[in-house]
Number of protein chains: 2
Amino acid sequence: MEITQGIIRRLNEAGLKITPQRVAVMQTLCKLRMHPTAEELFAEVSKTIPGLSPTTIYNTLDTFVEKGLIKRVKTDADVMRYDAITEHHHHLYCAVSDRMEDYFDNELDEMLSAYFERKQINGFKVSDIRLQLMGDFSERKTTQ
Amino acid sequence: MEITQGIIRRLNEAGLKITPQRVAVMQTLCKLRMHPTAEELFAEVSKTIPGLSPTTIYNTLDTFVEKGLIKRVKTDADVMRYDAITEHHHHLYCAVSDRMEDYFDNELDEMLSAYFERKQINGFKVSDIRLQLMGDFSERKTTQ
DNA sequence: CTTTAATTTGTATTTATTACAAACAAGTTT
DNA sequence: AAACTTGTTTGTAATAAATACAAATTAAAG
Ligand SMILES: [Mn+2]
Ligand SMILES: [Mn+2]
Ligand SMILES: [Zn+2]
Ligand SMILES: [Zn+2]
């Protein structure tokens, strides 16, 4: 239950009431590392909380985003996805499989910060640099 | 009509029949530099082609994307946007105003290519590097 | 406990997108 | 040029994701 405690603390810090729905959504989001959609979350959280309303999923996710507890992420596909990791990071994305993975790289971030500190963009103040690395997740078994 | 000729040539090269709808959609996409949505395109193209069906917009855009004539771009908002520029480039994006602008930077691209040639990502083959530069379009009149 | 305000539910809408079949038109064949 | 073929457009109906809203419920403060 240590994980649950951490979630409860974070919800409290955000000034949100602790409800089974919210705890379950956050737990599920942290567990599923694959940037799930609202629908996927609804299916998963419903296992824990029968009778859960889809509306609650949308409400909860919106609230979490508002409070900065999670982030929205978008792919080229049609649905919104959610990310429990709010620290700065990038994404590896394969458009064919619509699969997305996190990518952390400090060296890269420092290089980019330095670059945009030197090279200012006229009329635009950069606050965050997000890379979407398009490509393919090479399966181990691929011969090529 | 030189622009139209170029469009017709590109449609031909893609093996698509030349129709007023397709030419108008492509013209409008090239004219509107702000990455319009399907709905925005429908409104604009309808001026030229009365009685145009929204379905045609969606069909046409899908076809163009399939043939590589245009690209989809996503923001944090709920709708898909379209981009007539298929050459490699990045985007400046302000989440507050949902405004998006193109950003070209050769020096940056070379730096990134070099970086990812050196630093391989385990289990992922990078084919394209897209930056989303989050921030604010600083209005000239802003005092701060 | 009681109270109160926030949250959840359930239902109805909205909006973006897709499915599909009939009507139509571009480009080819004769 | 007329007929033909096939891809395209239209119109309508359906879906899917998301949102609006009011009633029912519940967390947590007093
Ligand atoms: Mn949708
Ligand atoms: Mn939608
Ligand atoms: Zn992520
Ligand atoms: Zn662009």
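FYI, side chains are in, hydrogens and waters are out, and symmetry mates aren't considered; it's all heavy atoms of this structure.
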What closest approach, in Å, do [X] and [Y] show between heavy atoms, and which atom pair accounts for it?
{"X": "A/F124", "Y": "B/S138", "result": "N-OG, 3.8 Å"}
{"X": "B/R10", "Y": "B/L69", "result": "NH2-O, 3.4 Å"}
{"X": "B/D109", "Y": "B/H88", "result": "OD1-NE2, 3.1 Å"}

Can you check whether A/Y58 has a side-chain N or O nearer than 4.0 Å to OP1 or OP2 of D/dT19?
no
Given D/dA27, is OP1 or OP2 found less than 4.0 Å from the side-chain N or O atoms of A/Q21?
no
Rounding to an integer number of Å, can you tell me how far [X] [atom1] sits from [N] [atom2]?
{"X": "A/I49", "N": "C/dG10", "atom1": "CD1", "atom2": "P", "result": "13 Å"}
{"X": "A/L61", "N": "D/dT19", "atom1": "CG", "atom2": "C1'", "result": "14 Å"}
{"X": "A/F42", "N": "D/dA17", "atom1": "CZ", "atom2": "P", "result": "12 Å"}
{"X": "A/M80", "N": "D/dA16", "atom1": "CE", "atom2": "C1'", "result": "14 Å"}
{"X": "A/E66", "N": "C/dA6", "atom1": "CD", "atom2": "C1'", "result": "13 Å"}
{"X": "A/L11", "N": "C/dA6", "atom1": "CG", "atom2": "P", "result": "16 Å"}
{"X": "B/E40", "N": "C/dT15", "atom1": "CD", "atom2": "C1'", "result": "14 Å"}
{"X": "B/N12", "N": "D/dT8", "atom1": "CG", "atom2": "P", "result": "12 Å"}

With a 4.5 Å limit on heavy-atom distance, are the side chains of A/P36 and A/L29 in contact?
yes
Any heavy-atom pair between the side chains of A/Y103 and B/I121 that's under 4.5 Å?
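They are in contact (side-chain heavy atoms under 4.5 Å apart), so the answer is yes.
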Option passing side chain to side chain contact (heavy atoms under 4.5 Å, CB included) with B/V23 (candidates B/L11, B/V45, B/T28):
B/L11
Residue met sooner reading DNA chain C from 5', once B/L16 and A/I57 are mapped to nucleotides:
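Whichever sits nearer the 5' end wins; that is A/I57.
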Pick the nucleotide of DNA chain C nearest each of B/D62 and A/L52; which residue has the one closer to the 5' end?
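Nearer the 5' end of the strand: A/L52.
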Salt-bridge criterion met for A/D62 and A/R72 (N-O under 4.0 Å):
yes
How is B/T19 classified with respect to the nucleic acid when contacts are heavy atoms under 4.0 Å: base, sugar-phosphate, or nothing?
sugar-phosphate
Is any N or O donor-acceptor pair between the side chain of A/T55 and the base of C/dT11 shorter than 3.5 Å?
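Answer is yes: a donor-acceptor pair is held.
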Nearest to the side chain of A/T56, which nucleotide is it out of D/dT8, C/dT9, D/dA28?
C/dT9
Check every atom of D/dT9, C/dT8, C/dT17 against the side chain of B/A38 and return the nucleotide holding the closest atom.
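The closest nucleotide is C/dT17.
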Taking for each residue the nucleotide of DNA chain D with the nearest heavy atom, is it B/K17 or B/N59 whose nucleotide lies nearer the 5' end?
B/K17
The helix from C/dC1-D/dG30 to C/dT30-D/dA1: angle between end helix axes, five pairs per end, rounded to 10 degrees
30°
